[in-house]
A.B. asks: 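Before we start, here is the structure in question, set down as structure tokens.
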There are 2 protein chains.
Amino acid sequence: MPRKPSYDRDALIAQARDIFWRYGWAGTSLKDLERELKLKPGSFYAAFGSKDALYALALERYAQDGVTNMMDMAQELGPLGALKAQPLRVIEAADIPTKACMLSKTYAELQARDHELAAQARAHMVEMKACFAELFRRAQEAGEIGTDHDPDRLAARYQSDLLGLRLSAERDDVNGVEIANEIAADLDRL
Amino acid sequence: MPRKPSYDRDALIAQARDIFWRYGWAGTSLKDLERELKLKPGSFYAAFGSKDALYALALERYAQDGVTNMMDMAQELGPLGALKAQPLRVIEAADIPTKACMLSKTYAELQARDHELAAQARAHMVEMKACFAELFRRAQEAGEIGTDHDPDRLAARYQSDLLGLRLSAERDDVNGVEIANEIAADLDRL
DNA sequence: GGCTTTATTGAGCGATCACTCAAGTATATA
DNA sequence: TATATACTTGAGTGATCGCTCAATAAAGCC
């Protein structure tokens, strides 16, 4: 008896993710979303409930893709290969709205007001860090790097370097490729 | 004939800087500023003209203090000493509103909309990078580090690492001190 | 003290914010 | 085809946004 929605919900979430990613939480108005997603307010709220709820879905999608992508790369290039490839990959991806990390942008924008989305972003960054640690551990087991460093510490430093790189790569006065290569080269000294 | 203002303009700018630094541009409303600075709307606009104008003054103050502080440290600790001390200093300062850099927060928040304040923040980051490069150059001249690296590249990487550190240090799942020490230790290998 | 000049005050401006809802429309089932 | 069940529409909600301005108060100069 019902009537099917005329839109592709998953595609809308991906589109919303890109808009939020680029312009931030406060920087994206409902009008922006309605215009880009081609949804009237009524449809928007029927589909997603609220701006924050859609942002949460977008963040979830973003984080999930991040972990998946990293693990896929590890499958193909090995753990160390994936860790070395990620810096360049992340700033040279052609179709991303901005080079900076959406998790860190969300956290930086909303943490001071104790927004729930900041907590969600932080949780996803913890997941991502654990993913990196797992790859460092595997790289050690595979003999690709020495075992004289704690994988968790390596992961924390690596993640920090990546966040800095992705922030810096937004600026045109910075040569992101150089920094990315240096981060990758650092891993060879382990 | 005139009447003197009852407030200390410089102190108000410093106070506004801390609020903007913490909560961001969109995250700070005029009501917030009026309440914290204890200014009614009329006085506020008579004194500063607009929210953006005050933000610009706050950014200017922030950037100026950053360079001054770095140069003062170099005077006391030498160029390499200052570069090595900065990572720890910047995340352990007791009275700062947030550990993340105000320039990078401003740039990340406003760049996508081509806001004038984003351009101002970027310009200040270029200045800061040049300050780092100058210290690397002096460190080379003083024989504190080798001359086989380009000071500008070293500065770009160093600044990127600092931005990452300061972003990461906001999170309680990250040991900022460890990362800061590693960044400092990296400089000894040059 | 009188006058001029500026600071202070706060009600209120239009615009925009996230969001609601009643009316209209399209579709799957019976 | 008739009916039930959603989806779609867009005018409109109260709240808040950055900001203005006329009225009032206070200080320096004569």
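This one's a predicted model, so the numbers in the text were calculated from it and none came from an experiment.
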A.B. asks: Give one of base, sugar-phosphate or nothing for B:Phe48, where a contact means two heavy atoms less than 4.0 Å apart.
C.D. replies: nothing
A.B. asks: Do B:Glu182 and A:Arg153 meet the salt-bridge criterion of a basic N to acidic O distance under 4.0 Å?
C.D. replies: yes
A.B. asks: Checking A:Lys105 against A:Trp25: charged group under 6.0 Å from the ring centre and within 45 degrees of the axis?
C.D. replies: no
A.B. asks: For the residue pair B:Arg113 and A:Tyr23, would you count it as a cation-pi contact if the rule is NZ or CZ under 6.0 angstrom from the ring centre and within 45 degrees of the ring axis?
C.D. replies: yes
A.B. asks: Whole Å only: how far is the CZ atom of A:Arg35 from the P atom of D:dG10?
C.D. replies: 16 Å
A.B. asks: Check the distance between C:dT6's C1' and B:Arg9's CZ and give it to me in whole angstrom.
C.D. replies: 15 Å
A.B. asks: Between A:Gln159 and B:Arg171, is the side-chain hydrogen bond (donor to acceptor under 3.5 Å, both in side chains) condition met? List the steps.
C.D. replies: CA-CA 12 Å; A:Gln159 186 179 45; B:Arg171 290 156 50 196; 3.1 Å; yes
A.B. asks: Output one letter per nucleotide in nucleotides 14-22 of chain D: B when a protein non-hydrogen atom lies under 4.0 Å from the base, S when only the sugar-phosphate is that close, - when neither is.
C.D. replies: ---SSBBB-
A.B. asks: To the nearest angstrom, how far is B:Tyr7 atom OH from C:dT9 atom P?
C.D. replies: 11 Å
A.B. asks: So does B:Glu116 have more than 12 non-hydrogen atoms from other groups sitting under 6.0 Å from CD?
C.D. replies: no
A.B. asks: With a 6.0 Å cut-off on the ring centroids, do B:Tyr158 and B:Phe136 count as close?
C.D. replies: yes
A.B. asks: It should be established whether B:Lys40 places a side-chain nitrogen or oxygen under 4.0 Å from OP1 or OP2 of nucleotide C:dT8.
C.D. replies: no
